Amino acid sequence: MICIPWRTISQDITTATVLFGLFVAILIAYVHRCRKRLPPGPPRSFFTGHLREIPRSQPWKTYQQWSQEWGNVIFLRLFGRDIVVLNGAQVAEELLEKRSKIYADRPTWPMADLIGRQDNVGFTYYSEKLRTSRKLLHSGLGPQTKAAWAPMLEEQTLTLLKQLMESSEDWESLLKRHVASVFVRFTYGTDATDEYIHLAEEIARHTGLALQPGWAVDSFPFLARFPSWLPGMGFKRWAKRAREQFYQCTRGPYLVTRTAVLNETAVPSYVADNLKVIFEGSSSVDENILMSTAGSIYGAATDTTTAFLFSFFLLMTVHQDVQKKAQDEIMSLLGSSRLPTLEDQPRLPYLEALIKEIHRYNPVVNLVSHSPLVDDSYKGCRIPQKAWVLCNVWSMTHDETLYSDVDIFYPERHLDLNTTDPRRFTFGFGRRACPGVHFANAHAFLVISRLLALFRILPPVRPDGTEQIPTIAYTSSFTSQPLPFTCRLQIRDEKIL
Ligand code: HEM
């Protein structure tokens, strides 16, 4: 007979009891979590989730319509991911502003990580690195540093006007080039070369591709750990090339400015100013963080600014009456004496209202993505940790309780200072809100006021002499731009330049 010592049996019983207790506790926690219901949403297919329900074209408009049936917080599932759409200003402010610490993260995007985008502030997960990056950006872009970048903005807009006087039919490419020059100047203090612009456009194309749904690695992140020579791992080889180009685009211009700082030939810029204090020993910021914040500016600033300015051109081409009112305001303040400067901004309220209305009418970024760091709940519904929280900016700037006749382009609504400033939504929320907001507002004011002072923006003319008013329509991309349209620029007051 085999004799098992009593001590061993009693140890086994204790271990089994502890394990069973642990199992029961986990089960209770799991059941409790699941019993807290998820937010409501349209019915979905068991296999494809809401793939068929979510339209490819301007989904933000559909989400707004769904809110009438399902409320302001809607739950969707796509490619195995939880998506929570926030459709109103109140809920966005409640969650993303008041609970900003919870909603400071970005959704995980394994494919974007593979192409190196963790070194781009807009994608960086919430961490010490992100906090340092944002501090650096705020200190370079905030209103306290306006005196440092305002003269550069004035000089660059003047160059744009002169180029437009020479060849106004090239307004589209000149405007794009102007935007690129402004951000390369601001960041590195150098001229934007064709090579850099081309590489940066390639990087933006790669980002767009990586963010498209359907990459297997986004649903099964463990695939990223498999060797790239295995069959079916072509995405890893593509990602490696894309990542190398991304680092080339970030390092190249940074090193040029760094060398210029060391040689004492650098002109003031975001990178040069920060490097000087690092080299003097007055700042302990890691140079790698400075380099990646600098590399993030171009991507975050150019597409958004270009989309906004193109929208201005389209809306002025169609709404001649609004354009005339803005021009009359500039004329009554300045006559033909000079071009507007940033000091004139507070004295041109109609122009300020016009800028607000361009933001409201078609927000540049209609869906802003955040992600909660922990499980959260709102009005009894669970918002799962790591869910993809999509803040529907469109639904806020088209909320009938905030703005009347939402589909009408009507800057006058903002002359009443009680009207909600749409930029409260269009530049994002909480701890991820756009650090470039002050720069963007100053830039928009300078370009728009100076263009209107010098030019009339007119619809194209058909062969029979009648004007062809373009249709107002926008893309469905991440930054929503007007669909291609044409307009004419006519000089209205040459003496002003
Ligand atoms: C019309 C112009 C612009 C618009 C409409 C715009 C809008 C936005 C929006 C909606 C976000 C996301 C905010 C969020 O997640 O809550 C964002 C992020 C960001 N923007 Fe802008 N932006 C503009 C111009 C600029 C400029 C001029 C710069 C820099 C010079 C800039 C730098 C950034 C950066 C670095 C981020 C990422 C912040 C983070 O993830 O923590 N943006 N912007």
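None of the values given here were measured: they were computed from a predicted structure. First listed ligand is number 1; within each ligand, the first listed atom is number 1.
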Could you go through the side chain to side chain donor-acceptor pair (under 3.5 Å) check for Asn87 and Asn392 one step at a time?
-> CA-CA 5 Å; Asn87 269 316; Asn392 190 353; 2.8 Å; yes

Short question: side chain of Arg81, backbone of Thr108 - any donor-acceptor pair under 3.5 Å?
-> yes

The atoms of ligand 1 lying under 4.0 Å from a heavy atom of His370, numbered in the order shown, are 14 (C), 15 (O), 16 (O)

Side chain, backbone, both or neither: Phe183 near ligand 1, heavy atoms under 4.0 Å | side chain

salt_bridge(Arg347, Asp344) N-O dist < 4.0 Å = yes

Of all the non-hydrogen atoms in the protein, which one sits nearest to atom 30 (C) of ligand 1, and at what distance?
-> Leu141 CD2, 3.5 Å

Which atoms from ligand 1 have a heavy atom of Ile297 less than 4.0 Å away?
-> 30 (C)

Side chain, backbone, both or neither: which part of Arg134 comes within less than 4.0 Å of ligand 1 when only heavy atoms are counted?
-> side chain

Can you tell me the protein heavy atom closest to atom 15 (O) of ligand 1 and the distance?
-> Arg106 NH1, 2.8 Å

Hey, is Lys129 close enough to Asp119 for a salt bridge, meaning N to O under 4.0 Å?
-> yes

For ligand 1, which atoms sit closer than 4.0 Å to a heavy atom of Thr426?
-> 5 (C), 7 (C), 10 (C)

Honestly, for Thr293 the part within reach of ligand 1 (heavy atoms, under 4.0 Å) is neither

Please determine if Arg131 forms a cation-pi arrangement with Tyr126, meaning its NZ or CZ atom is less than 6.0 Å from the six-membered ring centre and no more than 45° off the ring axis.
-> yes

Dump the intermediate steps for ring pair (Phe, Tyr, Trp, His ring centres under 6.0 Å) on Trp171 and Phe485, then the final yes or no.
-> CA-CA 12 Å; Trp171 67 269; Phe485 68 97; 5.6 Å; yes

Please name all residues satisfying side-chain hydrogen bond (donor to acceptor under 3.5 Å, both in side chains) with Tyr125, sequence neighbours left out, ordered by chain then number.
-> Asp113

Please report the C-alpha distance between Glu412 and Tyr350 in whole Å, then the side-chain angles of each, then the deciding distance to 0.1 Å, and finally whether the side chain to side chain donor-acceptor pair (under 3.5 Å) criterion is met.
-> CA-CA 7 Å; Glu412 282 78 355; Tyr350 191 82; 3.2 Å; yes

Taken by chain and residue number, the protein N/O/S atoms under 2.8 Å from atom 21 (Fe) of ligand 1 read Cys434 SG

Any chance the side chains of Ser480 and Asn362 put a donor and an acceptor closer than 3.5 Å?
-> yes

Within-cut-off N or O pair, His359 and ligand 1, under 3.5 Å | no

Would you name the heavy atoms of Pro363 and His398 that are closest together and state the gap between them?
-> CD-CE1, 4.4 Å

Val368 heavy atoms, cut-off 4.0 Å: which ligand 1 atoms fall inside?
-> 10 (C), 14 (C), 15 (O), 16 (O)

Closest to atom 14 (C) of ligand 1 among protein heavy atoms sits Arg432 O, 3.2 Å

Under 30°, 30 to 60°, or over 60°: which ring-plane class applies to Phe183 and His443, parallel, tilted or perpendicular?
-> perpendicular

